[in-house]
Amino acid sequence: MEPRYDINEVEARIERQWEESGFFNPDICVQKGITPSDAEPFSIVLPPPNVTGTLHMGHAAMLAIEDIMVRYARMQGKRTLWLPGTDHAAIATQSRVEKDILKQEGKNRYDLGREEFLNRVRTFAQQSHDTILRQTKRMGASLDWSREAYTLDEKREYAVRTAFKRMHDLGLIYRGHRVVNWDPKGQTTISDDEIVYEERKAKLITFRYDRDFPIAISTTRPETKFGDTAVAVHPDDERYRAFVGKEYDADFCGTKIHLTVIADPSVEKDFGTGALGVTPAHSMVDWEIAERHGLPFQQIIDERGRMTVENDLVREKKTAEAREIVTEELRRRGLIEKEEEIPQNVATAERTGGIIEPLPKLQWFIAVDKKFKNPAGTERTLKELMREAVADGGIAILPERFERIYFNWIDNLRDWCISRQIWFGHRIPVWYKKSDQRSAISDHEEAYVGADAPEGDGWEQDPDTLDTWFSSGLWPFSTLGWPHFAPNGASRGTPHSTADGASQGAQTGPEHDLMNYFPNSVMETGYDIIFFWVARMILMSSALMGRVPFRRVYLHGLVRDDKGRKMSKSLGNIIDPLTMADKYGADATRLSLIIGTAPGNDIKLSEDRIRGYRNFSTKIWNIARFIDMNKTEISDQRLAIGDQESRISEAHKKYLDDLAALKTEVTAHLDNFEFHLAAEKLYHYVWHELADVIVEAEKEKLRGGTDEEKAASYTVLAQLLIASLKMLHPFMPFITEEIHQIFRPGKMLMVEKW
RNA sequence: GCGUCCUUAGCUCAGUGGUAGAGCGCUUCGUUCACAUCGAAGAGGUCAUAGGUUCGAUCCCUAUAGGACGCACCA
C-alpha cells in the first residue's frame, strides 16, 4: 500500500468504479444476482436541489444522511432505490435570472418577451443542473442516475397536468375571486408560506371617518380606509352595542363611503378603540369578516401599489405617499384623536422582499376544507386527510416534536393559491375561448381543463404558471412513473402488460417503480421546508393516490457556521462542500456533518472539524497499511479459509466478541436513525480500540512470534479491519471501498452483505 | 398570545437515572520502521439556577433566568 493516502486520486477512481458497476441501479443489482428479486424494497427520492446555483453544505448534509441510509439498506440486501432529480424552482430561478439580466444588460423580462426570456432561464437552469450533478456525484452519493428526473421535464409536466385535471374534477381545484397576497415587486401572487414577516415601527392613528361618525377606529393604513365598508366591534363590547346593525354614510377625506356596524368575535376589545374599520379588498382578515357578514368590497389599490380611488388627493399615488396625505388631511380636519408608534410585523415576499399588498384577484386555489371522495374511498377534506396521515401513524416524523409543528400548521391552513403570474414554470392546464379570456369572473367565459389542449380553434391557454410546490408535491410518485405507469391503469397510452404472471414485487424496471417503491420508505429533508414541501406532498398524495407518500419523515437541521450564523455570501462565511472534499476528502466532509449533530438540530460546522475527520481517514489508512505489511503466505491462506479457525487465542476471541457487540450497537443505531451515534462509536472503536489497543498489543506477536502466531495475528487483525470497514462504509464510502479492495481484490464493498 | 428547542471542558457540540464524552485549542514529552495528516502523558466541567420525584438526578417533573426558533395576531 502507498505510504500516503491520496484522497483525490482514490475518490475519483472509486467514483468511476461505482458508476461503471451500475450497482446504484437496483435493477442491475437484481440482474447480477446481488439482490434477490423478491427482496424487500427500500426507496428514497432525493429532495431535488433548485437549479438556481450550486450545491451548498446543506445539500452535502442531506446527501450524507441519505447516502448512509441507502448504503446501509443496500448492504442489508434490500432492493434499494435512491432516485435523483432537480427542481426548476419557478419563482426562485426566474428572479435569479431576472436579476442577472438586469445587472448585465439593464433589461427586464418584458423587454425580452416570454419566449426569449424562457430560453435564457432554461440555459441557466441547464448549466446549474450540470454543476449540481457533478457535485452530487463528488460527494459519493449512490444515486440511480438512470432514473433522473426534473420537476419541469416532459414526464413531470404530464403528471402536473394530470394532477390538476383530476383535482379539478374532484372539486379540489377551483378558480375564485378572492383576496390574495400580491407581491408588487415580483408582480405575482404568492402563497401564505412565502411570506416573511419583518418587524418595523408603524404609526397607529386613532381617528373618525368624519365628524358625524359615532365611533373612532385605529389603523396603521389610513389610505386603505377609502375601501372600508363596515366597522366591526366585538359582540360583547358594551360600548358599541347600541350601534350594531346601523348603517352610516360618511365623508372620508372627500370620498363618500357607506359603512355598516357589525359585531364579529374576531375583533379584540382591547386593541385601539376596540372598533375595527373593515377593508375587505385589502386585508385577508377583513375579507373573511366581510364574507361572514355579506359585506361588499371596494378595491382602491392596483397591482402596481397605486391608489385607484376617485379622490383627487391620492389618485395614482403610491400607498406610502397616500398614507401621509390622508393622515395630513385627517389632521387638518381635526379628526385624529391619537397618534402613536407601535411595532408591527410587515408582510414581505420571501424572494423579492416586496411589501405584500393584499388584493382581490381571480386566481386558482386548492380547497383544503372541502369534503371529497378520495381514492381511498372515504369522504374527507384535504385538511383531515393531512392530519390523519400523521396522527394515525401512516407517517412517522423524526424528531417527533415536528409532528406537533405539523399539526399546528394544518390547523391554521387556508386554501392554497396555486397560480402565479410568472413565466418560468408549469403553465396552468386550462384553456379559454380567446374572445372571453379574462373578460369576466367565469360566468361568461368558456374554460377547458385538461391534461392536453382542447380540440378546435380559438382556445388560449391560461398565461399563468403554477406554484413551484405544486409540482414538488407530486415528486414522490411523479418520479416513479405516475400517472403513465400507475398500477390502476388510469393512464393514457398503453398500459404496461402485467399478464406474465410474475409474483408481485418480482418485476424490475422503471415501469414497475410505482408498485415497487411507492410509498417511499423515507423522506429525508430539512425542517425548514416541512410546510412548503413535506405537507404538500402529503396533500397531493392524499388527493391523488389515496395513501401516504412515504412511511417516515426524517428532518435534519440547517448547516451554520461555527458561530451559529447562517452561511451567506455577504457574511463571507461559506464553507463550500466541494472545496472541502478536494482538500480533506468527501469522506471527511460527510463525517463532519454527521458526528456531533442530533437529528432536527442545526449543524455547526467549521473547517477544523472537517480536518479532524481527514486525520481519521489517515488513521484508517495507516492501520490498514500496518496490517497489510504483516501479511505472510500462511496468513493469506488462513484468511481464505475464513474466520472459524479452531485454535484461536483467548485474546483474539475477545476482540471478535467485542466487535460483534459493536456491530449490534451500530446496527441498532442505524435502524433507529441515530447516525451520529453509530458514527461516533465506530470512530471511537477504530481509533481508540483497534489502533491504540489491539494493533499495539499484536505488534509484539508480529515481531517475535512464530510464523503460525504471526499468521493468526494477521488474520484476526484483517478480520477486525474488514468488519470495521464494512460498518464504516455508509459513512465513509470512498476510503473503505479502496482498502477493502486492497485486502479482498475484486470484491466491491458497496454490495457486500452487512 | 400558543408552542418548540437550547443552556454540559477555553470554543463548537454529542450523550447518559448510578466513576462525564468528541473535535479543535492548551501544557509537557517523543521523530528506530502503521501513522508528525501522528503518538504518549496531562490540565480543564458543583452538566444555567432553584425546588421536587428517587436509594441515587446532568438526565424525569415544576418554576425561574438567558438565548434561538416556529405559528397566529399585528386594525
Side-chain angles (χ1 to χ4, degrees), chain A residues 1 3-5 7 192-193 197 199-200 202 204-206 217-222 224-225 228 231-233 266-268 271-279 282-286 289 342-347 399-413 527-528 530-531 557-558 560-565 583-585 588 591-592 594-598 600-630 674 676-677 679-681 683-684 687-688 690-692 695-696 698-699 702-703 717 721:
Chain A
M1 284 174 71
R4 294 178 83 88
Y5 176 52
I7 292 168
D192 295 344
D193 298 283
Y197 288 96
E199 191 168 299
R200 294 182 192 178
L204 181 73
I205 66 168
T206 301
I217 62 163
S218 300
T219 185
T220 53
R221 297 202 59 187
T224 66
K225 300 290 110 183
D228 283 15
V231 167
V233 298
S266 69
V267 179
E268 267 188 56
F271 190 93
T273 62
L276 161 69
V278 182
T279 323
H282 299 290
S283 156
M284 203 72 85
V285 176
D286 292 7
I289 293 174
I342 58 162
Q344 189 190 30
N345 280 334
V346 176
E400 215 170 320
R401 65 172 187 270
F402 286 101
E403 293 191 358
R404 298 183 62 166
I405 295 175
Y406 173 80
F407 291 138
N408 182 257
W409 179 79
I410 290 182
D411 291 341
N412 293 306
L413 188 61
Y527 67 72
D528 53 326
I530 182 168
F531 307 136
L558 272 42
R560 297 171 178 275
D561 74 1
D562 59 353
K563 295 189 183 63
R565 302 172 304 182
K583 214 163 158 186
Y584 304 114
L591 212 53
S592 73
I594 299 296
I595 294 185
T597 69
N601 284 7
D602 290 351
I603 302 164
K604 291 195 183 127
L605 186 72
S606 65
E607 190 166 337
D608 275 345
R609 270 172 62 100
I610 304 172
R611 196 176 44 204
Y613 294 116
R614 186 274 318 269
N615 294 351
F616 180 53
S617 301
T618 309
K619 192 74 189 175
I620 297 173
W621 184 258
N622 283 310
I623 295 167
R625 202 156 71 88
F626 172 77
I627 297 172
D628 189 54
M629 286 168 85
N630 288 288
E674 297 160 337
H676 59 305
L677 296 180
E680 203 166 324
K681 286 200 169 137
Y683 176 93
H684 192 268
W687 202 316
H688 301 299
L690 183 57
D692 290 355
V695 165
E696 289 302 324
E698 292 303 304
K699 268 183 183 170
L702 288 166
R703 282 191 193 134
L717 286 176
L721 174 67

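Just the heavy atoms: all of them, side chains too, but no hydrogens, waters or symmetry mates, feed the values below. By convention in this document, chain letters (A, B, ...) are assigned in the order of the sequence lines, proteins followed by strands, and residues within each chain are numbered from 1.
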> Using a cut-off of 4.0 Å between protein heavy atoms and nucleotide atoms, how would you tag nucleotides 23-32 of chain B 5' to 3' with B, S and -?
Replying inline: SS--------
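Residue-to-nucleotide contacts include no donor-acceptor pair under 3.5 Å from the side chain of A:E698 to the base of B:A34.
Contacts of A:R200 with the nucleic acid, taken as non-hydrogen atoms under 4.0 Å apart, are absent. Within the nucleic acid shown, A:D692 comes within 4.0 Å of sugar-phosphate atoms alone, with no base atom in reach, counting heavy atoms only.
Across all strands shown, B:G66 forms a Watson-Crick or G-U wobble pair, both distances under 3.5 Å, with B:C6. Checking B:C59 for Watson-Crick or G-U wobble geometry (two distances, each under 3.5 Å) identifies no partner in any strand. B:U53 makes up no base pair with any nucleotide shown, lacking Watson-Crick or G-U wobble contacts both under 3.5 Å. Pair assignment for B:G1 gives B:C71, based on Watson-Crick or G-U wobble hydrogen-bonding distances that are each under 3.5 Å. Nucleotide B:C47 forms a pair with no other nucleotide shown, judged by Watson-Crick or G-U wobble geometry with both contacts under 3.5 Å.
If you take CZ of A:F616 and C1' of B:G39, they are 16 Å apart, rounded to a whole angstrom.
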Polar atoms only, N or O, under 3.5 Å: list the protein pairs with nucleotides 5-9 of chain B and their distances.
none

Using atom names, set out every protein N or O paired with an N or O of nucleotides 68-74 of chain B below 3.5 Å, distance rounded to 0.1 Å.
residue, atom, partner, partner atom, Å
B:C71, O2', A:N408, OD1, 3.2
B:C71, O2', A:N412, ND2, 3.0
B:C73, OP1, A:R414, NH2, 3.3
B:C73, N4, A:N345, ND2, 2.6
B:C74, O2, A:N345, N, 3.3
B:C74, O2, A:N345, ND2, 3.4
B:C74, N4, A:Y197, OH, 3.4

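Using a 4.0 Å cut-off, no side-chain N or O of A:K583 falls inside it from OP1 or OP2 of B:U37. In this structure, A:H676 does not reach the B:A22 phosphate: none of its side-chain N or O atoms is under 4.0 Å from OP1 or OP2. Phosphate contact (OP1/OP2 of B:C38, side-chain N/O of A:R614, threshold under 4.0 Å): absent.
Nearest-nucleotide assignment on RNA chain B puts the 5′-proximal partner with A:Y5, out of A:I217 and A:Y5.
Taking atom C1' on both B:A9 and B:G25, the two are 11 Å apart, rounded to the nearest angstrom.
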